[in-house]
Amino acid sequence: MKFSELGLSQDILDAIAEHGYVEATPIQEKTIPLTLAGRDVIGQAQTGTGKTAAFGLPILEHIDLDNPNIQAVVISPTRELAIQTADELKKLGHDKHVNVQVVFGGSDIRRQIQGLKSHPQILVGTPGRLLDHIKRHTAKLGHVKTLVLDEADEMLNMGFLDDIEAIIAEVPDQRQTLLFSATMPPAIKRIGVQFMTNPEHIQIEAKELTTDLVEQFFVRVRPQEKFDALTRILDVQGPKLGIVFGRTKRRVEELGRGLEARGYKAAGLHGDLTQQMRSRVLDQFKSHEINILVATDVAARGLDVKDVTHVYNYDIPQDPESYVHRIGRTGRAGATGTSVTFVLPNEMDYLRAIEELTKKRMTPLQPATLAEARMGRIKNALGSIKPLIEKAPIDDMGDEVSKLVSQYTPEQLAAGLLAQVAGLDQQNAPVEISRERPLPRRKGGHRNGGGGYRGNGRRGGGGYRGNNRNGGGYRGNGRRGDRDRRGNGERRGNGDRRSNGDHSNHRSGGSSRREFTVRNKD
DNA sequence: AAAAAAC
């Protein structure tokens with residue numbers, strides 16, 4: 001159906017056309033007429049099918065420019081999503097001259113207060129900062145006509161619910177309430193309807209919860225193989241843009257550093273970073289300055305980055321809903337994508353539970369072989385080799401070039417160039433996956449507790465070193481066990497110092513870029 | 001149980 005058939009006014013239709021939209025998606029087609037008519041709506045549809053415009057267009061339609069009050073509030077679970085949603089509403093409301101403001105934590109509140117003084121008709125925000133503005137009386141919600149919970153099941157979850165209730169207490173009882181998400185567990189829906197009046201639940205009948213546009217794989221790995229398995233798959237698949245999801249902020253931090261140390265253009269994104277850093281990393285990803293974004297579930301929901309080709313669940317998501325949202329970062333707006341979920345042997349049952357929710361089987365994928373990883377690197381390198389050759393400053397190279405030409409065959413020269421560009425003769429070349437690799441210890445670190453380094457797969461843990469070619473240096477792990485059994489504090493200290501010293505020296509002497517570890521201790 | 005979200 002065309003947008004022009006949905007009862008929207010010309011200003012809005014013009015903005016839609018400028019935005020490049022022509023046909024309404026099913027969720028837009030079904031919910032826009034209801035929302036325009038003032039009904040409360042629960043809108044549920046697959047990720048990447050235009051839910052923001054689905055609630056945004058009727059809101060913009062209803063905005064009264066002569067009314068100086070905030071008329072609509074949209075609440076988002078993350079700052080990045082709030083920014084993105086506000087940006088989209090600004091674009092769609094541009095022709096109508098609608099004033100949209102956004103408020104979220106971690107950024108200068110004075111500037112937000114200035115923005116709020118400009119009489120926005122629409123306010124988008126994250127819960128904490130929104131409440132802050134309410135308490136400061138810098139945001140007055142007494143005239144709100146429409147309240148939207150974006151990613152509604154997340155907003156109604158414990159952890160957010162108190163804030164949401166506090167915000168709802170500030171908006172009029174007589175209002176329109178809209179809940180939008182790709183997932184809506186029944187228990188959460190029951191909480192949501194308590195805040196609604198005679199809601200209509202529009203659920204787009206898709207056979208599966210996830211889109212067919214995403215090809216879904218899983219890889220069975222042991223904890224100590226995870227990191228190398230990831231790098232090999234990255235080498236083979238050569239994602240244009242890929243998101244790697246980790247379970248905790250710490251793991252994301254270390255995995256990001258680890259990939260970077262191995263030569264990937266990667267960076268971590270998680271809630272312990274400053275907002276400035278969060279924005280910077282996301283911008284780098286959007287501009288392809290980096291092509292691997294390593295993230296916690298802060299990036300699981302709603303983020304709409306063009307050209308995300310791959311999603312990697314380095315750690316299997318905490319709940320099946322999270323899986324749906326994570327892989328929904330790819331395969332958006334008609335594009336195709338690939339997802340790979342890493343599954344530990346004891347997580348196989350849980351994988352099946354995810355498949356029950358998505359109603360879709362994942363395809364088993366063998367971890368790539370060393371040869372495949374090398375070949376993948378070479379193929380990826382081919383893409384960047386042409387400009388390298390054509391832009392080579394041959395005139396500045398004296399007779400060195402002709403010397404090489406007389407010395408080597410064209411095949412040898414090309415192979416050398418390819419190996420260099422592919423990084424195959426570098427320290428970050430693909431390596432044999434070590435099944436015997438002991439888990440690393442924190443550099444110069446002390447251990448708290450003791451607990452087995454091995455066999456706590458339940459924590460999903462395992463430490464990962466990029467390499468252990470000459471694994472001899474790691475006999476210390478076994479020693480540690482002995483030491484602990486002795487329970488001798490003095491010797492323990494001594495042993496720590498010795499083994500850490502050994503390892504750092506060893507590593508920095510050899511392959512310093514492999515120094516990172518991914519710990520399993522939280 | 002983790003992450004997110006205010007200072």
Side-chain angles (χ1 to χ4, degrees), chain A residues 73-86 102-113 116 123-139 149-168 170 181 183 188 243-256 268-279 281-282 293-303 313-326 329 344 346-347 350 353-354 451 456-461 518-522:
Chain A
V73 172
V74 181
I75 314 178
S76 299
T78 67
R79 298 167 182 176
E80 286 74 15
L81 188 53
I83 295 168
Q84 175 186 298
T85 302
V102 58
V103 297
F104 52 87
S107 85
D108 185 11
I109 198 163
R110 283 164 303 179
R111 212 168 347 150
Q112 289 175 6
I113 292 171
L116 288 164
L123 182 58
V124 184
T126 48
R129 183 55 70 87
L130 202 49
L131 279 170
D132 196 350
H133 282 292
I134 290 169
K135 283 180 194 141
R136 291 165 184 256
H137 303 288
T138 46
L149 302 189
D150 196 10
E151 303 297 339
D153 54 334
E154 176 74 355
M155 304 312 301
L156 294 167
N157 234 323
M158 286 181 344
F160 274 126
L161 188 56
D162 286 352
D163 283 354
I164 297 304
E165 285 178 337
I167 293 167
I168 288 178
E170 300 294 325
S181 181
T183 52
I188 301 286
I243 306 180
V244 181
F245 284 102
R247 195 176 96 265
T248 64
K249 291 181 273 202
R250 170 177 275 178
R251 272 172 76 77
V252 162
E253 184 68 30
E254 292 171 350
L255 186 52
L269 178 70
H270 59 76
D272 272 357
L273 300 179
T274 63
Q275 188 52 41
Q276 194 184 12
M277 195 58 188
R278 283 168 66 160
S279 300
V281 169
L282 194 57
L293 180 69
V294 187
T296 59
D297 275 336
V298 69
R301 283 177 178 257
L303 281 196
N313 291 309
Y314 188 73
D315 297 314
I316 201 162
Q318 300 288 331
D319 47 75
E321 284 77 23
S322 169
Y323 176 85
V324 171
H325 291 280
R326 283 181 178 187
R329 294 319 96 214
L344 302 181
N346 63 351
E347 293 170 339
Y350 181 51
I354 293 175
N456 64 347
R458 186 62 228 163
R459 308 263 313 266
V518 177
R519 290 188 299 274
N520 63 344
K521 292 192 180 291
D522 295 323

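Worth knowing before you read on, the calculation uses all heavy atoms, side chains too, and leaves out hydrogens, waters and symmetry mates. Numbered from 1 within each chain, the chains take letters A, B, ... in sequence-line order.
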Using a 4.0 Å heavy-atom cut-off across all strands, classify A:Gly105 as base, sugar-phosphate, or nothing.
-> sugar-phosphate

Is A:Arg136 touching bases, backbone alone, or none of the nucleic acid, heavy atoms closer than 4.0 Å?
-> nothing

Note: A:Ser181 and A:Glu151 closest approach over all heavy atoms is OG-OE1, 3.9 Å

Minimum heavy-atom separation for A:Gln112 to A:Phe104, with atom names?
-> NE2-O, 2.9 Å

Taking [atom1] from [X] and [atom2] from [N], how many angstroms apart are they, rounded to a whole number?
X        : N     : atom1 : atom2 : result
A:Glu321 : B:dA3 : CD    : P     : 18 Å
A:Lys249 : B:dA1 : NZ    : C1'   : 13 Å
A:Ile113 : B:dA6 : CD1   : C1'   : 13 Å

Minimum-distance nucleotide to [X] side chain [options: [options]]:
X        : options             : result
A:Thr126 : B:dA5, B:dA2, B:dA4 : B:dA5
A:Phe160 : B:dA1, B:dA3, B:dA5 : B:dA5
A:Thr78  : B:dA6, B:dA4, B:dA1 : B:dA4

Applying the side-chain hydrogen bond (donor to acceptor under 3.5 Å, both in side chains) test to A:His270, which of A:Glu253, A:Arg278, A:Arg251 qualifies?
-> A:Glu253

Run the salt-bridge test on A:Asp315 and A:Arg326 with the 4.0 Å N-O cut-off and return the result as yes or no.
-> no

